[in-house]
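Comments concern the structure below.
Just the heavy atoms: all of them, side chains too, but no hydrogens, waters or symmetry mates, feed the values below. Note that ligands are numbered from 1 as they come in the structure, with each ligand's atoms numbered from 1 the same way.
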Amino acid sequence: MREKILNILLDKNKEFVSGEEISERLGITRSAVWKHIKNIKQQGYEIESVTKKGYKIVKCPDLLTTEIVKYNLNTNLLGKEVIYCDTIGSTNDYAKEIAKNAKEGTIIISEEQTKGRGRMGRYWHSIKGDGIWMSIILKPNIYPHEAPFITQIAGASIVSGLKKLGVNSLIKWPNDIIINNKKVSGILTELGAEIDRINYIVVGMGMNVKTIDFPENVKELATSIKKEGHNLKRIDILKSIIEEFEHLYLKYIQDKDKSECIKICRENSAVIGKNIYILKGEEKRKAKCVDITEEGNLVIINNNIKEELISGEVSIRGDKDYV
Ligand code: BTN
């Protein structure tokens with residue numbers, strides 16, 4: 001009911017809506033309407049109430065709550081279920097805990113993570129309200145070895161979601177998004193599978209949106225949307241990415257069409273044409289990146305020999321810089 005009332009108020013877009021209209025439309029008493037409004041206000045919404053005119057939203061809180069995320073979200077699969085947390089260990093850990101019984105497309109979002117995880121067991125800083133920390137639960141009917149492609153979809157959807165809002169970024173294959181040579185976003189794709197079938201995939205995405213001061217150990221490597229001069233709302237970025245993700249994901253799953261995703265990955269690659277180091281465990285070797293295949297693998301040349309790298313197996317570093 002609370003969500004319905006909020007939607008009515010948001011639909012009116014800063015105009016007054018009377019308590020009577022809300023109570024008639026939802027079949028509840030005016031005092032029940034008032035109680036829900038009080039509750040909505042407690043969540044941080046500024047709502048003006050004027051006798052004989054009714055209620056209007058003056059300001060929405062800068063939170064990624066279920067209602068705000070679902071409001072006008074243009075998707076058919078992703079975000080039909082949104083789990084919102086004020087704080088959590090890791091959205092990926094929670095997603096994996098509930099994945100078995102969760103609907104495909106369920107999204108877990110938290111304002112803060114106390115045990116945010118990056119790839120290779122690294123820690124992921126996830127300060128309250130500073131960024132987007134979310135995980136999506138997917139249940140695609142694909143083979144486990146095809147799962148790395150989901151990371152490409154995530155990367156492509158971040159880049160094109162940001163582009164729609166006027167922000168240019170690049171993909172440092174396979175799972176880092178960078179602006180001006182610094183990392184703004186990272187993807188952590190995890191799999192629950194048997195030998196020949198996937199039970200679920202959890203795609204975790206972290207994006208630094210408002211962070212200005214980074215911890216000493218990542219200061220030189222990390223940036224945020226705000227630090228790069230863009231004053232965007234987290235909610236707009238989040239929705240843009242989710243909508244792009246669904247578009248590319250359904251193309252892949254329903255039509256077996258990877259082409260649009262690969263085109264985005266190639267056109268916005270931070271590594272094609274560059275010399276890089278390939279890191280695999282303790283091993284480190286130099287190569288030149290030449291392409292990304294139709295499957296999403298990175299093509300490198302080393303001593304005149306062409307080779308394909310599968311994401312998930314390796315990490316890469318630039319020969320001089322981070323990229
Ligand atoms: C990386 O760049 O190494 C991947 C970072 C992924 C961070 C996100 S934040 C939401 C989700 N929950 C986590 O614990 N990690 C991912």
Side-chain angles (χ1 to χ4, degrees), residues 63-64 69 78-79 82-99 102 105-138 147-148 150-159 161-162 169-179 181-192 200-211 214-215 217-225 234-235 237-238 241-242 245 265 270-271 279-280 311-318 322-323:
L63 296 173
L64 303 175
V69 172
L78 299 193
V82 176
I83 300 172
Y84 170 76
C85 313
D86 178 51
T87 183
I88 202 167
S90 149
T91 55
N92 262 40
D93 287 347
Y94 186 64
K96 289 198 289 182
E97 251 173 73
I98 62 162
T106 298
I107 300 179
I108 298 104
I109 302 169
S110 187
E111 294 294 337
E112 126 185 290
Q113 295 184 117
T114 53
K115 288 182 187 151
R117 292 188 292 110
R119 282 210 326 164
M120 318 281 173
R122 290 191 204 104
Y123 181 67
W124 180 264
H125 291 274
S126 328
I127 297 191
K128 190 166 251 179
D130 255 17
I132 297 170
W133 328 123
M134 73 158 160
S135 302
I136 306 175
I137 299 173
L138 300 172
I150 301 293
T151 303
Q152 312 283 320
I153 293 179
S157 60
I158 294 175
V159 164
L162 284 176
S169 60
L170 296 172
I171 306 172
K172 176 176 163 277
W173 185 94
N175 68 307
D176 290 357
I177 308 301
I178 59 162
I179 303 181
N181 254 332
K182 291 188 171 182
K183 180 160 168 174
V184 70
S185 175
I187 302 156
L188 178 65
T189 307
E190 298 186 279
L191 196 60
Y200 62 81
I201 293 180
V202 168
V203 187
M205 299 188 222
M207 181 179 291
N208 308 318
V209 180
K210 300 195 279 187
T211 325
F214 286 94
N217 60 329
V218 292
K219 214 173 185 167
E220 299 303 315
L221 308 176
T223 192
S224 68
I225 298 291
R234 289 186 303 155
I235 187 66
I237 300 174
L238 179 88
I241 293 172
I242 294 173
F245 194 110
C265 292
V271 295
L279 314 174
K280 191 174 183 179
S311 81
E313 289 186 344
V314 291
S315 266
I316 60 175
R317 287 280 169 280
Y322 167 60
V323 187

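The contact set between ligand 1 and Arg117, taken as ligand atoms under 4.0 Å from a residue heavy atom, comprises 5 (C), 6 (C), 7 (C), 13 (C), 14 (O), 15 (N), 16 (C). Close approach to Asp176 involves these atoms of ligand 1, each under 4.0 Å from a residue heavy atom: 2 (O). Near Trp124, the atoms of ligand 1 lying under 4.0 angstrom from a non-hydrogen atom of the residue are 2 (O), 5 (C), 7 (C), 9 (S). Shown in contact with Gly118 at under 4.0 Å from a heavy atom are these atoms of ligand 1, numbered in order with element: 1 (C), 3 (O), 4 (C), 5 (C). Every atom of ligand 1 with a heavy atom of Ile187 under 4.0 Å away is listed here by number and element: 4 (C). Interface atoms of ligand 1 facing Ser90, defined by a heavy-atom separation under 4.0 Å, are 12 (N), 13 (C), 14 (O).
Donor-acceptor pairing under 3.5 Å is lacking for the side chains of Ser126 and Glu112.
Within the 4.0 Å heavy-atom criterion, the part of Gln113 lying near ligand 1 is the side chain and not the backbone. Residue contacts with ligand 1, taken as heavy atom pairs separated by less than 4.0 Å, do not involve Asp93 at all.
Checked by distance only, ligand 1 and Trp133 stay at 3.5 Å or farther apart across all their nitrogen or oxygen atoms. Below 3.5 Å of separation, one finds an N or O of Arg119 facing an N or O of ligand 1.
Remark: of the listed residues Val202, Ile98, Asn92, Ile98 is the sole one forming a side chain to side chain contact (heavy atoms under 4.5 Å, CB included) with Ile108.
To the nearest 0.5 angstrom, Leu64 atom CG is 6.5 Å from Ile132 atom CD1.
Panel note: side chain Arg117, backbone Tyr123; no donor-acceptor pair is recorded below 3.5 Å. Not one N or O on the side chain of Asn208 forms a donor-acceptor pair closer than 3.5 Å with the backbone of Ile225.
Using a 4.5 Å cut-off on side-chain heavy atoms (C-beta onward), Ile177 and Ile171 make contact. In this structure the side chain of Ile187 reaches within 4.5 angstrom of the side chain of Val203, judged on heavy atoms.
By the 4.0 Å heavy-atom criterion, Lys183 is counted among the residues contacting ligand 1. Residue contact annotation: Gly116 has a non-hydrogen atom under 4.0 Å from ligand 1.
In summary, Glu220 and Lys183 do not engage in a salt bridge, as defined by a charged side-chain N under 4.0 Å from a carboxylate O.
Considering only non-hydrogen protein atoms, atom 10 (C) of ligand 1 sits nearest to Thr91 OG1, 3.2 Å.
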